[in-house]
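Below is one structure, written out as structure tokens, with a few remarks after it.
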There are 2 protein chains.
Amino acid sequence: MEINEAANVLSLLGLEGRLAIFRLLVRAGPRGVKAGDIAGALSSPPSTLTANLNVLSHAGLITRRRDGRMILYSANFGRMRELLAFLLADCCNGEPDICVPLMDVATRATCCASDAAEYEEMKS
Amino acid sequence: MEINEAANVLSLLGLEGRLAIFRLLVRAGPRGVKAGDIAGALSSPPSTLTANLNVLSHAGLITRRRDGRMILYSANFGRMRELLAFLLADCCNGEPDICVPLMDVATRATCCASDAAEYEEMKS
DNA sequence: TCCATAATTCTACAATACTCGAAATTTGGA
DNA sequence: TCCAAATTTCGAGTATTGTAGAATTATGGA
């Protein structure tokens, strides 16, 4: 991930309402949550919620799929992993004596079996 | 870390100039970097740099110490860890079958021996 | 004591982006 | 075909925040 993209993603997550949405979806896992349930959980007016969902979606942080009359949103764990990897990359200049535990984190930051699989596929 | 604090920290990092500073310091490790060297590396006007350093400093993301005539800045890895832990907390609702690798990350996100030690002390 | 260097504070301008009501769209079922 | 429910689009008002030039402060050395 390039720095301008990372900065963009971070700034988008840096709004409490949006962070709350993202966190809710991260907690919910791959199954996703209905837009209406998100609105209910966060007591957000529908139009505000949609605006924020659009922003997160355009940034690739969440994905959307229709299920009958409702729309399910879920976190994009692959993207989340990219962001964490960016923040941790080359930490402490990679000096092993100082920073081994953190480099370890970067390579382990895969969440949720399905997404980890997708990510492995994407790389090849 | 509370959500409002996390959102604040994320938004502050969500500016390319500031993210570049933080990343530079993360890479540099605990030894820190002189303000002037940061300005040189990022070709940032002094006043802009100071403004951004102040913002990061107030947010606890970096620390400042004087060394003779110069001022050294370094990343606060403990704070960075808190942020990562927030993002990863309860991922996938903690269901082991889905999310073990990520929960693992949260507990391992300690960087740089000295800071890790500080963190362990803080907890006790 | 005086000077040069390092960094910060002050100030004001400019730009961007968040929120939410009302109207419109899409879907499923009767 | 028509209605109700779920969600999105549109639009405008408001506020917040980033940038950088010029002046100021603080430090170390001569």
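Proteins come first, then strands; the chains are lettered A, B, ... in the order of their sequence lines, and each starts at number 1.
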### Task
Starting at atom CG of A:L49, determine the distance to atom P of C:dC20, rounded to an integer number of angstrom.
11 Å

### Query
How many Å lie between NE2 on A:H58 and C1' on C:dA17, as a whole number?
16 Å

### Query
When hydrophobic residues are tied together by side-chain contacts of less than 4.5 Å, even through go-betweens, does B:I38 share a cluster with B:F77?
yes

### Query
If you group Ile, Leu, Val, Met, Phe, Trp and Tyr by side-chain heavy-atom gaps below 4.5 Å, do A:V33 and A:M80 land in one group?
yes

### Task
Please work out which residues in residues 60-72 of chain B have a non-hydrogen atom less than 4.0 Å from an atom of DNA chain D and list them by number.
B:R66, B:G68, B:R69

### Query
Under 4.0 Å: is that the gap between some side-chain N or O of B:N54 and OP1 or OP2 of C:dT9?
yes

### Message
How close do A:L10 and B:L13 get, counting heavy atoms only, and between which atoms?
### Response
CD1-O, 3.8 Å

#### Entry: Heavy-atom closest contact (B:R23 atom, A:F86 atom, distance)
NH1-O, 2.8 Å

### Message
Expressed as a whole number of angstroms, how long is the span from A:D37:CG to D:dT7:C1'?
### Response
13 Å

### Query
Please walk me through it: do A:L84 and B:L84 pass side-chain contact (heavy atoms from CB on, under 4.5 Å)?
CA-CA 8 Å; A:L84 298 180; B:L84 298 180; 3.4 Å; yes

### Query
Given C:dT8, is OP1 or OP2 found less than 4.0 Å from the side-chain N or O atoms of B:Y73?
yes

### Query
Are the side chain of A:R66 and the backbone of A:G68 linked by a donor-acceptor contact shorter than 3.5 Å?
yes

### Message
For a quick check, with a 4.0 angstrom heavy-atom cut-off, what is the B/S/- contact string for nucleotides 16-21 of chain D, read 5' to 3'?
### Response
--SSBB

### Query
Nearest-Å distance, CG (A:L42) to C1' (C:dT19)?
15 Å

### Task
Identify whether B:L24 and B:L53 are in the same connected component of the hydrophobic contact network (ILVMFWY, side-chain heavy atoms under 4.5 Å).
yes

### Query
Do you reckon B:F22 sits in the same ILVMFWY cluster as A:L88, going by side-chain contacts under 4.5 Å, direct or chained?
yes

### Query
Are any non-hydrogen side-chain atoms of B:L15 and B:V55 less than 4.5 angstrom apart?
no

### Message
Distance check needed: C:dC18 C1' versus A:I21 CD1, whole Å only.
### Response
12 Å

### Query
When the C1' atoms of the five terminal pairs at each end define the local axes, what inter-axis angle does the helix from C:dT1-D:dA30 to C:dA30-D:dT1 show, to 10 degrees?
30°

### Query
Of the options A:L61, A:V9, A:N76, A:L25, which is the one that meets A:L56 in a side chain to side chain contact (heavy atoms under 4.5 Å, CB included)?
A:L61

### Query
Quick one: B:I38 CD1 to C:dA7 C1', roughly how many Å, whole number?
11 Å

### Query
B:L56 has an atom CG; how far is it from atom P of C:dT8, in whole Å?
12 Å

